[in-house]
Amino acid sequence: MVKLKIKIKEVAKEKKAWSLYRLAKELGLPQQTVYSWANGRTQPSYDNMDKLCDVIGCSVGDLFEAEPIQPKLNLVVN
């Protein structure tokens, strides 16, 4: 099983040398919104994802990284 991890901070720094603060300003969005995306608490809407890609100059695929999910162990305690 694989989980997608969003890499907004890394891609903004790599492509534009921008901080999340600067990215939020360029997008015209609250800083808290962009930080929530970067920390995986929320995800951008389709419209915001398009805007994000346009502003940074990247593809949607650039913003995500596959992260394997480790299965939970079922431990029995006696």
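Small disclaimer: the values here were computed from a predicted structure and weren't measured.
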Work out which heavy atom in [X] is nearest to a heavy atom in [Y]; give both atom names and the distance.
X   : Y   : result
I6  : W37 : CG2-O, 3.0 Å
Q31 : A24 : CA-CB, 3.7 Å
C53 : S59 : SG-C, 3.7 Å
K16 : V55 : CE-O, 3.3 Å
Y35 : Y21 : OH-N, 4.1 Å
L20 : K9  : CD2-CA, 3.8 Å

So, taking the atom named [atom1] in [X] and the one named [atom2] in [Y], what distance separates them when rounded to the nearest 0.5 Å?
X   : Y   : atom1 : atom2 : answer
K7  : F64 : NZ    : CZ    : 10.5 Å
I56 : L63 : CD1   : CG    : 5.5 Å
R22 : K13 : CZ    : NZ    : 11.5 Å

Heavy atoms of other groups near Q43 CD, more than 12 under 6.0 Å: no

Is D62 close to E14 at the side-chain level, that is, under 4.5 Å between some pair of heavy atoms? no

For the residue pair L52 and L23, establish whether any side-chain heavy-atom pair is separated by less than 4.5 Å.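 Yes - at least one pair of side-chain heavy atoms lies under 4.5 Å apart.
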
